[in-house]
Amino acid sequence: MASETVAISNEAKRRQAAGEDVLDLGVGEPDFDTPSLVAEAGIAAIRAGKTRYPPNVGTESLRTAIAGAMSRMSQDRDMDPSRLIVSSGSKQALFNACFSLFGPGDKVLIPSPAWVSYPQIVHLCRAEPVMVPGDAEWGLKVSVESLERHRDDKVKGLILCSPCNPTGAVYTATEVKAISDWAREHGIWLISDEIYRRIHYGPGPAPSLLDLDDAALERSVVIYGASKAYAMTGWRIGAAYGPPELVRAMAALQSHTTTGANHPAMYAAEKAFGDPVVDQDVDRMVAAFRRRRDYLVARFGDQLPGVEFVEPHGAFYLFFRVDGRGSSAPQGGMEFCQKLMSSEGVALVPGGAFGDDRWVRLSYSVSDTELEAATDRLVRFFSTVGGAG
Ligand SMILES: Cc1ncc(COP(=O)(O)O)c(C=O)c1O
């Protein structure tokens, strides 16, 4: 099945190309350009002839830079760059991890709502995704108790996403530890997708598996990447940090699929992960996301007080509920998004794409002006279809 998020984005682009006034808040990527120092490093790498096949697992210097960036976010914890493998985006890192770990007969737990690709990746591994509904009272996060209710002997893995796409919820340090302890106790592989870790509105980066002791990393994979924090989605650089044996298996798999990530992009990413000046660019982007988040939350509070949403603590998404607003109102996310697109020209993503169509995802990765205009239209739409109060 093609990604529904991509389908909405294509529809918005098609209408924009036809001259329609469409605001696309369906996108899942930063609206910023790649920091210039990073782009220059990529260009310099091409000019320097770094255009041949790359080392299969990534250049030594990039692995060291990524390990350094991950370590700095976790109180300078010891990290071994040889346990890190670079892939074509964190999506490939996730696929490689799942394909190396799971197969027919295995079940993999996925807290829901979930990023569209997790269940599809598990299907591609011929394993069975088991969606574990998050608790609406708790920012749609899952508890150990709900994970335990879905556990049986076939459960071999759990994919955790924090900060979460699509909800913006963030698991606290206590919650991360409780889930890690539970997974260890039952011999379940924990794949922790921390691609949005740096885009966090609490103090410092979001809590991580890397904040825990070494034992927590024995049957774990931490997924990280350049796409979101460094505005580098098109460069396709992601990484996985895991036990040596698993990293070897992932390297072997990758050697027969993509060979490795894009070689010159590795030099750009090395600059991103390693240069303190780029870190300041990231701080500025995170500050802009925070400002937009605060703006949206304030407008929802003032003008859409009856609309329930998940408190956004990270990433750049607002996940709000659209069902139960009376018989004349849209009955779910899909109908809501279609009508919003046709009457107001605003593209959002129906929650059904993430496993729960009672909700809708709005990406505030757009300019402040666009966000303001889109919010005006959304408020007007709610007042016409009912249920703004
Ligand atoms: C939760 C999550 N994980 C992973 C990815 C993949 O990112 P990339 O392959 O660009 O590193 C995305 C992209 O949308 C995402 O939202």
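Atoms within a ligand are numbered from 1 in the order they appear, just like the ligands themselves. What's counted below: heavy atoms across the whole structure, side chains too, no hydrogens, waters or symmetry copies.
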### Query
With sequence neighbours left out, what residues match K177 under salt bridge (Lys or Arg N to Asp or Glu O under 4.0 Å)?
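Listed in chain order: D181.
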
#### Entry: All salt bridge (Lys or Arg N to Asp or Glu O under 4.0 Å) counterparts of R293, not counting sequence neighbours
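R293 satisfies salt bridge (Lys or Arg N to Asp or Glu O under 4.0 Å) with no residue once adjacent residues are dropped.
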
### Query
Taking the six-membered ring for Trp, are the ring centroids of F289 and F316 within less than 6.0 Å of each other?
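Yes - the distance between ring centres of F289 and F316 falls below the 6.0 Å cut-off.
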
### Query
Is the distance between the ring centroids of F300 and F382 under 6.0 Å?
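Not close enough - the centres of the two rings lie 6.0 Å or further apart.
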
### Query
Is it true that D80 and R63 have a side-chain N and a carboxylate O under 4.0 angstrom from each other?
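Salt bridge flag = no for R63 with D80.
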
### Message
Once salt bridge (charged side-chain N to carboxylate O under 4.0 Å, His left out) is applied, what residue pairs with a partner in residues 215-240 remain, sequence neighbours excluded?
### Response
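Sorted result for residues 215-240: empty, none.
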
Check ligand 1 for N or O atoms under 3.5 Å from a protein N or O and list each pair with its distance.
residue, atom, partner, partner atom, Å
ligand 1, 3 (N), D193, OD2, 2.6
ligand 1, 7 (O), S90, OG, 3.1
ligand 1, 9 (O), S90, N, 3.1
ligand 1, 9 (O), K91, N, 3.0
ligand 1, 9 (O), R236, NH2, 2.8
ligand 1, 10 (O), S227, OG, 2.6
ligand 1, 10 (O), R236, NH1, 2.8
ligand 1, 11 (O), S90, N, 2.7
ligand 1, 11 (O), S90, OG, 2.7
ligand 1, 11 (O), S227, OG, 3.3
ligand 1, 14 (O), K228, NZ, 2.7
ligand 1, 16 (O), N165, ND2, 2.7
ligand 1, 16 (O), Y196, OH, 2.9

